[in-house]
Amino acid sequence: MITGKVAELLESTQYLQEVVVNGWVRSFRSNRFIALNDGSTINNLQCVVDYEKLSEDTLRRITVGAAIKVKGTLVESQGSGQKVEVQANSVEILGDADPEEVKLTILSPKRHSFEKLREQAHLRVRTNTFGAVMRLRSKLAFAIHSYFQENNFHFVNTPIITGSDAEGAGEMFKVTSFDLDNVPRNEDGSVNYREDFFGKETNLTVSGQLEGETYALGLGQIYTFGPTFRAENSNTSRHLAEFWMVEPEMAFCDLAGNMDIAEKFIKYVLKYILDNCKDDLAFLEERLANEDKSKPEAERSPMNLTEKLKFVIENNFKRVSYTEAIDILKNSKPNKKKKFNYIIEEWGADLQSEHERYLVEKHFKCPVILFDYPANIKAFYMRLNEDGKTVRAMDILFPGIGEIVGGSQREERLEVLQKKMQALDIDEKELWWYLDTRRFGTCVHSGFGLGFERLVQFATGMGNIRDVIPYPRTPLNAEF
Ligand code: 4AD
Ligand code: MG
C-alpha cells in the first residue's frame with residue numbers, strides 16, 4: 001500500500017497497486033464519481049465509489065470542500081479525460097464541509113469574480129485559477145534561485161528593518177515599539193526616538209540595494225529575494241504596499257553587462273516554467289482566452305499565453321535610450337492629438353505608465369530596455385554619464401505590465417557621490433557605511449530590482465497584482 005499525491009498517482013502506471021490518497025472533494029457525481037484534489041496539481045484524481053460498500057452516513061458526508069482519505073486500487077480509467085482512477089474500497093471523512101455553509105462561500109461550484117475571491121483569500125487557493133497561479137509563483141521562485149546559484153551569485157538576506165531612508169523609492173512605513181498614545185517627546189515637542197526600541201527612527205525597507213551593494217563588493221555577485229514595503233497611495237493593478245523583490249548586484253559589471261544579465265535571467269525563468277509547468281499554464285491560457293472573448297475585438301490579445309512567453313524568450317529586448325524614447329513619444333499620435341494624460345513636451349519629462357505602454361505595446365511591440373535617463377528623475381546612487389546630465393539607469397518594460405525591472409550602474413566615485421548627496425540633502429552621517437565602500441577598493445558595479453509579483457503577473461496572464469500574491473496589502477486593506 002502506497003500513500004501518494006494526486007500528481008504522482010496520475011502519472012503512475014502501476015496498475016492494480018493498492019493506494020491511499022488524501023484530498024478535498026471538488027465534486028461528487030451520481031453517488032459514484034469523486035473528483036479529488038490535493039493541491040499537488042491542477043488535475044483531479046477520479047475516485048470511483050461503490051455506494052453499496054459505504055455507509056449511508058459516509059456517502060452523505062462526501063460533499064464539495066470536505067477533506068477525505070480514500071483507500072483503493074489504482075486502475076486504468078474506463079472513462080475519457082484521465083489515464084488512471086482509483087477504485088475506492090473505503091472512504092474516511094477527515095473534515096466535513098456543511099453544504100449549506102459551503103453555499104455561502106466561494107467554494108460553491110459556480111463562477112465567482114476575482115473581487116469576490118479576494119474577499120475570501122483564505123479559500124481561493126482551492127480554486128483552479130489560484131491553485132495554478134500559486135504553484136507557478138512557487139516554481140518561478142525556484143527558477144530564480146536556480147539561475148543565480150548556477151551563475152555564481154550568492155544569496156544574501158538584507159535587513160527588513162532599516163535605519164536609513166536614502167533609497168528615495170517611495171514612502172516608508174515606520175517601525176516603532178512606542179505606545180502611540182503616549183509617545184516620548186523632546187522639549188521642542190518633536191518625537192524622542194532615542195527612547196524607541198532601536199534608539200533611532202526606523203522603517204520597513206523599500207529595497208535591499210544599498211546593503212546588497214556592500215555585499216557585492218566582497219562576495220562579487222549577490223542577490224536578495226525578500227519582501228519590500230512601500231506606503232505609496234497607489235491603487236493600481238500593478239502596485240502593492242508589500243511586495244517581493246529580487247535584487248542582484250554585481251561587482252566589476254557596467255550598465256551593458258547589467259542589461260545582459262537582466263535579459264538572460266528573465267528568459268531563463270520564463271523558459272523554466274514553460275518547460276516545467278505545462279498543466280497550470282495550459283489552464284491559465286484557456287482562462288485568458290475565454291476572458292479575451294468577452295472583450296471588444298480591438299482589445300483582444302493577438303497572442304495566447306504560451307506564445308507571449310515564447311516571444312519574450314526568443315526575441316532580443318529592444319534597447320533604447322531615454323533621449324530616443326522622448327523623440328518617439330513627442331512625435332507619436334497620442335501625444336500630438338493630446339490623448340496622453342501627460343503630454344510630453346520636452347527632454348527631462350518623467351515617463352508615466354501610459355508612455356511606457358505606448359513604447360512597448362504600440363511602437364516596438366516587444367520588451368524594451370530604456371537606459372540613460374536624466375539624472376534628476378532618478379535616485380542619487382546612479383552613475384553619472386560623461387555628459388553630466390544623464391545617469392546609467394535602465395528600466396525594463398514589458399507588454400501589459402509596464403516596468404518590471406529597475407536598475408543601474410552605481411556611482412563608484414566617492415567625490416561625485418558625495419556631491420550628489422549634498423545636492424539632495426542626504427546626510428553623509430546616515431550613510432557612512434555606504435560611502436566606506438567607495439573608500440576601500442571601490443569598483444564599477446551594477447544591479448537591478450525585479451518586482452516578483454509583476455513577473456508572476458506576466459507569466460500567468462493575471463490582470464491584477466492582488467491576484468498573484470496570497471494576501472495582498474494595498475491602501476485600506478490588510479485583511480487576513
Ligand atoms: O524601480 P524600483 O523602485 O527600484 C529599486 O528599488 C532599486 N533599488 C532596485 C535595484 O536597483 N536594486 O523597484 C524595482 C522593481 C520595479 O521595477 C517593479 O517591478 C517593482 O520593483 N515594484 C513594485 N512592485 C509591486 N508594487 C509596488 N508598489 C512596486 N514598486 C516597485
Ligand atoms: Mg523604478
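Remember, it's 1-based here, ligands and their atoms both numbered in the order they're listed.
- Considering backbone and side-chain atoms together, Gly451 places an N or O closer than 3.5 Å to an N or O of ligand 1.
- Between Phe480 and His122, a ring centre-to-centre spacing shorter than 6.0 Å is recorded.
- Annotation: Ser207 places an N or O atom under 3.5 Å from an N or O atom of ligand 1; distance criterion only.
- Here the rule is ring pair (Phe, Tyr, Trp, His ring centres under 6.0 Å) with Phe452, and of Phe243, Phe458, Trp244, Phe225 only Phe225 fits it.
- Near Gly407, with a cut-off below 4.0 Å to any heavy atom, the atoms of ligand 1 are 11 (O).
- Rounding to the nearest 0.5 angstrom, the gap separating the CZ atom in Arg383 from the NZ atom in Lys420 is 11.0 Å.
- For Arg319 and Asp260, the salt-bridge test passes: some basic side-chain N is under 4.0 Å from an acidic carboxylate O.
- Distances shorter than 4.0 angstrom occur between a heavy atom of Glu232 and an atom of ligand 1.
- Looking at Arg473, Glu247, Glu403, Met245, it is Glu403 that brings a heavy atom closest to atom 1 (O) of ligand 1.
- Residue-level proximity to ligand 1 for Phe448 is carried by the backbone, the only part with a heavy atom below 4.0 angstrom.
- Between Glu195 and Arg185 there is no salt bridge, since no side-chain nitrogen of the basic residue lies less than 4.0 Å from a carboxylate oxygen of the acidic one.
- Contacts between Phe398 and ligand 1, counted as non-hydrogen atom pairs separated by less than 4.0 Å, are absent for every part of the residue.
- Using 4.0 Å as the threshold, Ser408 has no heavy atom nearer than that to any atom of ligand 1.
- The proximity of Gln457 to ligand 1, defined as any non-hydrogen pair under 4.0 Å, does not occur for either the backbone or the side chain.
- Here's the thing with Leu240: one of its N/O atoms is less than 3.5 angstrom from an N/O atom of ligand 1.
- Within the 4.0 Å heavy-atom criterion, both parts of His239, backbone and side chain, lie near ligand 1.
- Residue contacts with ligand 1: Ile404 is placed with a nitrogen or oxygen under 3.5 Å of a nitrogen or oxygen of the ligand (distance criterion only).
- For the Mg ion (ligand 2), protein N/O/S neighbours under 2.8 Å (waters excluded) are Glu403 OE2.
- Interatomic distance, NE2 of His112 versus CG of Leu123, reported as 10.0 Å (0.5 Å rounding).
- At least one heavy atom of Arg410 lies less than 4.0 angstrom from ligand 1.
- Contact detail for Val444 and Gln409: the closest heavy-atom pair is CG1-NE2, 3.9 Å.
- With Trp347 as the aromatic partner, Lys389 meets the cation-pi criteria of under 6.0 angstrom to the ring centre and within 45 degrees of the ring axis.
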For residues 271-284, which side-chain N or O atoms pair as donor and acceptor with protein atoms under 3.5 Å away, sequence neighbours left out?
from, atom 1, to, atom 2, distance (Å)
Lys271, NZ, Asp275, OD2, 2.7
Asn276, ND2, Tyr272, O, 2.8
Lys278, NZ, Asp275, O, 3.4
Asp279, OD2, Asn43, ND2, 3.0
Asp280, OD1, Arg135, NE, 3.4
Asp280, OD1, Arg135, NH2, 3.0
Asp280, OD2, Arg135, NE, 3.0

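- Heavy atoms of Thr228 found under 4.0 angstrom from ligand 1: none, in either backbone or side chain.
- We find the CG-CZ distance between Leu117 and Phe130 to be 5.5 Å, quoted to the nearest 0.5 Å.
- The number of heavy atoms from other shown groups lying within 6.0 Å of NZ (Lys337) does not exceed 12.
- For Trp244, the heavy-atom gap to ligand 1 stays at 4.0 angstrom or more.
- In summary, the atoms of ligand 1 found under 4.0 Å from a heavy atom of Val405, numbered by their order in the structure, are 17 (O).
- Within the listing of ligand 1, atoms 7 (C), 8 (N) sit less than 4.0 angstrom from a heavy atom of Tyr381.
- For His355 and Tyr342, the distance between ring centers is not under 6.0 angstrom.
- Remark: Phe197 CZ is loosely packed, at most 12 non-hydrogen atoms of other residues, nucleotides or ligands lying under 6.0 Å away.
- The option with the heavy atom closest to atom 8 (N) of ligand 1, from among Arg238, Met394, Gln209, is Gln209.
- For the pairing with Phe317, the ring pair (Phe, Tyr, Trp, His ring centres under 6.0 Å) check across Phe398, Phe371, Phe364, Phe265 returns one residue only, Phe398.
- Side-chain N/O atoms of Ser207 and Glu247 include a donor and acceptor closer than 3.5 Å.
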